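Reading through the structure tokens given below for one structure.
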Amino acid sequence: MKKWVAIFLSLVLAVCWLIPGGLAEGSEAAGDNETETAAPRGKVVVLATGGTIAGVGDPGKVTGYKPGTLTAEILLWGVPEIDEVADIEAIQVCNVNSDDMTAEIWLTLAETINRMADDPEVKGFVITHGTDTMEETAYFLNLTLKTDKPVVLTGAMRPSTALSADGPLNLYEAVCLAASEEAVGQGVLIVFSDRIYAARSMSKTSTYSVMAISAGEVGSIGIMRDGIVHLYESPSRKHTLASEFDVSGLDTLPKVSVLYFSVDADPGLLRYAAEHSDGLVIAGAGAGEFSLEWIDIINSLTIPVVISSRINDGIITKDNLLCKNTIAANTLSPQKAAILLRLALAKDPEISQDSLEELFLQY
Ligand code: GLU
């Protein structure tokens with residue numbers, strides 16, 4: 001008798017799973033029209049690179065953890081709500097503290113996204129990343145990806161084992177944004193604590209807060225609420241399909257060093273960096289200024305020198321420059337100016353000062 005009950009139950013289960021969506025979903029969807037049920041969901045590719053979002057530490061604690069520990073699959077498993085948004089393909093690109101990010105990993109990310117973006121099934125991409133250098137990876141990809149499909153970076157300030165870990169909601173919102181029509185053609189975006197940022201203007205501005213990401217005077221360009229995208233602005237500087245930078249076939253980038261000026265800053269550091277780099281970026285004081293000693297050395301250099309500021313907000317233009325052979329970073333932070341200079345030198349190692357000036361006005 002038991003055997004017949006088991007066979008009967010197996011048949012019922014089999015029939016339920018053969019009906020698309022299974023028994024539970026089937027009954028919920030009973031009122032839906034056919035077009036909605038049959039609509040293709042599309043795929044979001046999640047590229048995991050590590051960071052605090054994949055960090056593990058002492059239960060409840062927010063410090064002293066190891067970033068880049070959990071895999072992409074485990075991160076996704078922790079947010080089952082994502083299943084309702086899109087089909088997911090998870091790729092573990094690396095699993096590092098983002099202070100160990102490299103140009104080689106950037107090139108792998110660019111190559112992977114550029115290749116997979118041709119797949120019509122793929123709607124968008126999410127990159128999980130440590131917050132320390134997220135702004136650099138985002139800006140690099142913003143200048144080198146050849147797609148208008150959404151590419152969204154996210155991370156966390158609290159490890160997965162902390163009380164009120166912020167990673168799961170950030171990951172959910174990133175997938176929703178990457179699957180959205182609103183994010184198409186906006187360049188590389190960042191979603192963090194419900195806010196949407198454009199790659200060029202976003203930076204990390206707090207060492208501890210869950211609101212650690214901001215965009216200074218430019219501000220965020222949108223807001224996420226319960227998975228819904230509310231976008232208000234579009235980035236106006238050149239990016240992705242309009243960008244002239246093509247990194248296909250490259251396996252590394254030219255070396256650009258960033259020098260931070262402070263009172264009595266050792267001119268020897270500047271000389272050393274100039275001898276061992278293809279270009280320099282100076283994080284000057286105020287509107288990109290530095291001492292008379294530094295002016296003398298910089299005046300004598302023949303490699304490109306871009307002048308940025310150690311201050312977060314503000315602009316540096318040609319009229320601010322202390323040395324005629326330098327290029328103004330405009331509003332780019334020193335670390336982002338270094339990326340644009342590396343790409344410019346990769347395209348043309350002999351690039352002229354005029355052409356560099358033009359690039360820093362366009363990107
Ligand atoms: N240093 C770590 C990283 O960038 C922690 C910062 C974070 O992920 O929030 O990977």
Side-chain angles (χ1 to χ4, degrees), residues 46-76 78-79 90-110 112 125-142 151-175 177-178 188-199 201-216 220 224 258 260 283 312 333-336 338-339:
V46 175
L47 300 137
T49 70
T52 298
I53 192 168
V56 172
D58 291 340
K61 280 193 69 182
V62 293
T63 57
Y65 59 91
K66 186 174 178 312
T69 303
L70 300 181
T71 61
E73 275 81 12
I74 295 178
L75 290 183
L76 289 159
V79 194
I91 300 178
Q92 191 75 48
V93 177
C94 56
N95 213 352
V96 296
N97 180 333
S98 75
D99 303 292
D100 292 316
M101 188 52 59
T102 62
E104 289 70 28
I105 302 174
W106 285 349
L107 292 165
T108 303
L109 280 169
T112 308
F125 299 84
V126 167
I127 301 170
T128 58
H129 200 290
T131 54
D132 285 358
T133 63
M134 184 183 285
E135 63 208 68
E136 292 169 65
T137 301
Y139 188 53
F140 170 79
L141 294 173
N142 197 48
V151 177
V152 182
L153 278 84
T154 199
M157 286 300 288
R158 296 177 182 152
S160 64
T161 41
L163 277 178
S164 297
D166 51 333
L169 181 58
N170 284 345
L171 181 56
Y172 175 72
E173 292 187 339
V175 173
L177 184 58
V188 173
L189 300 174
I190 295 89
V191 76
F192 215 88
S193 292
D194 301 330
R195 293 204 172 113
I196 304 165
Y197 301 92
S201 45
M202 161 267 174
S203 66
K204 183 173 183 177
T205 50
S206 169
T207 58
Y208 74 97
S209 166
V210 287
M211 305 291 285
I213 302 299
S214 84
S220 65
M224 298 294 300
V258 177
Y260 194 103
N312 278 337
S333 64
Q335 57 274 28
K336 284 187 181 162
I339 291 167

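For the numbers below, each heavy atom of this structure counts, side chains included, while hydrogens, waters and symmetry mates do not. Just follow the structure's listing: the first ligand is 1, and inside any ligand the first atom is 1. Because the structure is a prediction, the values reported are computed rather than measured.
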Please list the nearest protein heavy atom to [atom] with its residue and the distance rounded to 0.1 Å.
atom                    : value
atom 5 (C) of ligand 1  : Thr52 OG1, 2.9 Å
atom 10 (O) of ligand 1 : Ser98 N, 2.7 Å
atom 1 (N) of ligand 1  : Asp132 OD2, 2.7 Å
atom 2 (C) of ligand 1  : Asn97 OD1, 3.2 Å
atom 9 (O) of ligand 1  : Thr131 OG1, 2.4 Å

Side-chain contact test, heavy atoms from C-beta onward, threshold under 4.5 Å: evaluate it for [X] versus [Y] and give yes or no.
X      : Y      : answer
Cys94  : Thr49  : yes
Ser164 : Arg158 : yes
Trp106 : Leu141 : no
Thr133 : Asp99  : yes

Calculate, to the nearest 0.5 Å, the distance between atoms [atom1] and [atom2] belonging to [X] and [Y] respectively.
X      : Y      : atom1 : atom2 : answer
Met202 : Ile213 : CE    : CD1   : 3.5 Å
Met157 : Thr131 : CE    : OG1   : 5.0 Å
His129 : Thr154 : NE2   : OG1   : 11.5 Å
Leu153 : Glu135 : CG    : CD    : 11.0 Å

### Task
Using a 4.0 Å heavy-atom cut-off, say whether Ala156 meets ligand 1 through its side chain, its backbone, both or neither.
backbone
### Task
May I ask whether Gly50 places a heavy atom under 4.0 Å from ligand 1?
no
#### Entry: Non-hydrogen atom of Phe192 closer than 4.0 Å to ligand 1
no
Which ligand 1 atoms are under 4.0 Å away from a heavy-atom of [X]?
X     : answer
Tyr65 : 5 (C)
Gly51 : 8 (O), 10 (O)
Asp99 : 1 (N)

